[in-house]
Number of protein chains: 2
Amino acid sequence: MLIKRRTEPFEDCWALPGGFVGIAETTDAAARRELEEETGAKDLFLEQLYTFSTVDRDPRGRVISVAYFALVKPNSIQIRVGDEAKEVGWFGARDLPELAFDHASIVSTALQRLVGKVRYQPIGFELLPQKFTLSHLQKIYEVILGRDLDKRNFRRAVLKMGILDALDEKESGVPHRPSQLFRFDQAEYERLVQRGFSFEL
Amino acid sequence: MLIKRRTEPFEDCWALPGGFVGIAETTDAAARRELEEETGAKDLFLEQLYTFSTVDRDPRGRVISVAYFALVKPNSIQIRVGDEAKEVGWFGARDLPELAFDHASIVSTALQRLVGKVRYQPIGFELLPQKFTLSHLQKIYEVILGRDLDKRNFRRAVLKMGILDALDEKESGVPHRPSQLFRFDQAEYERLVQRGFSFEL
DNA sequence: TCAAAAGTGTTATGGTTACACCCATGA
DNA sequence: TCATGGGTGTAACCATAACACTTTTGA
């Protein structure tokens, strides 16, 4: 999700939402605040990505940025265009317009992190609604990893972990056999991790 | 490796080496510079760890720290006590004295990162001299992972990857059968990664 | 000759991969 | 009735884990 900048430098250029850290707030809090101010998005999964400190990355002077990435469940947020932005829009991470500052390199770092992480941490669920089908989940993995996965093997592998609850509910309104819905069981996942379980796909 | 602080706050307390970023240097450069100034250690493997921004973490005022961790090959550095420190010393990461600021939590983040990383990236070699035995390498893994590994299985696994060169050279001066020496083949590792190989132990 | 670590193969088990057909729904 | 994706089992292969003895050196 990018914003089109309303102010110089890089006016009218697409950029990541962001801004300055307050004297009495953590960078986590600042990231949340800026994201909400500029796009309306709130209550997201947010993780610190990396700190970018190239000396000339901002033409206004020396700026060091602590970058965060957010994962968004579809339909879970209400987007609104904040004061700083002319526009807010979604773009494919592998198909971006030209970005302000060094934001292209921030996005590419984020993508790498996501790819590196998705197989070892249950973050795929942060990109799905609470109730989802195994096909949706598989699709998330296929998009992030950039390759197709075998349906039967994928299902066997995720179900074996025992961190998904099958709900008494199916999809409806689809023009094909309706799919079983599942929920990610966070509490059970944490219990298993305590006992040495490690997520792996 | 810790330094004993010469100045307030936390005078005489053990702390991580560190200091302020120059207006025209990256945080990477600042980390290297401070490390060398305070301890003499240079030319190390250095990786950005995390940025710590709790509001009251420094009694002097608002300070945000971009933490780095270094991996040191034994005998590869010459330690010297810089102007800022009263003393420089090595400590077991799981057996530390009380630390200044929030440095204990920085160390614990670094340990977690190291444990999480060592199985998927060939960083164990950064903790060994250029020439090493497979037993040394195995010991590194056992210490970091906190459990014993099977000698035969470990050897088979690392040799199968094809990123170690057996040298025409053996240990000497040991009171037991001398061991074959190996070298990590960085170039070959990178070649393999290009072709989709992924390190895993 | 002793103590210490080096070095080496095999087997059983379990996990991974590849693969094809019938089912339930809405249009 | 058709198109669409949902759902399921097996067999071959490969990787992992467990395990014990001989070798070489310095003291």
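Just so we're on the same page: letters track the sequence lines, and every chain starts at 1. Scope of the values below: all heavy atoms of this structure, side chains included, with no hydrogens, waters or symmetry mates. All figures in this text were calculated on a predicted structure; none of them were measured in a lab.
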Taking any heavy-atom pair under 4.0 Å as a contact, classify A:Q180: base, sugar-phosphate, or nothing.
sugar-phosphate

Check every strand shown and say whether A:K160 touches a base, only sugar-phosphate, or nothing at a heavy-atom separation below 4.0 Å.
sugar-phosphate

When the distance from [atom1] of [X] to [atom2] of [N] is rounded to whole Å, what number comes out?
X	N	atom1	atom2	value
A:R147	C:dT16	CZ	P	13 Å
A:E200	C:dG15	CD	P	13 Å
A:R119	C:dT16	CZ	C1'	13 Å
B:E142	C:dA5	CD	P	13 Å
A:D148	C:dT17	CG	P	14 Å
A:L201	C:dG15	CG	P	15 Å
B:L137	C:dA5	CG	P	18 Å

Is the ring centre of A:F101 less than 6.0 Å from the ring centre of A:F52?
no

May I ask you to check whether A:F199 and A:F197 place their ring centers less than 6.0 Å from one another?
no

What residue among A:F132, A:Y189, A:Y141 forms ring pair (Phe, Tyr, Trp, His ring centres under 6.0 Å) with A:F125?
A:F132

Would you find more than 12 non-hydrogen atoms of other residues, nucleotides or ligands less than 6.0 Å from [X] atom [atom1]?
X	atom1	value
A:E200	CD	yes
A:K139	NZ	no
B:E11	CD	yes

Identified salt bridge (Lys or Arg N to Asp or Glu O under 4.0 Å) counterpart of A:D12 within the set A:R6, A:K4, A:K86
A:K86

Per-nucleotide protein contact string for nucleotides 18-27 of chain C, where B marks a base within reach and S marks sugar-phosphate only (heavy atoms under 4.0 Å, - for neither):
BBB--BBBS-

Closest nucleotide of DNA chain C for B:L181 versus for A:A157: which of these residues is on the 5' side?
B:L181

With respect to the phosphate group of C:dG7, does any side-chain polar atom (N or O) of B:S179 fall under 4.0 Å of OP1 or OP2?
yes

Are any of B:S135's side-chain N or O atoms less than 4.0 Å away from OP1 or OP2 of C:dA6?
yes

Sort and list the pairs that fulfil salt bridge (Lys or Arg N to Asp or Glu O under 4.0 Å) and have at least one residue in residues 170-186 of chain B, not counting sequence neighbours.
B:D165-B:R183

Extract, from 5' to 3' on DNA chain D, the first and final nucleotides lying under 4.0 angstrom from some heavy atom of chain B.
D:dT16 to D:dG26

Side-chain donor or acceptor of B:R57 paired with backbone N/O of B:H103 under 3.5 Å:
no

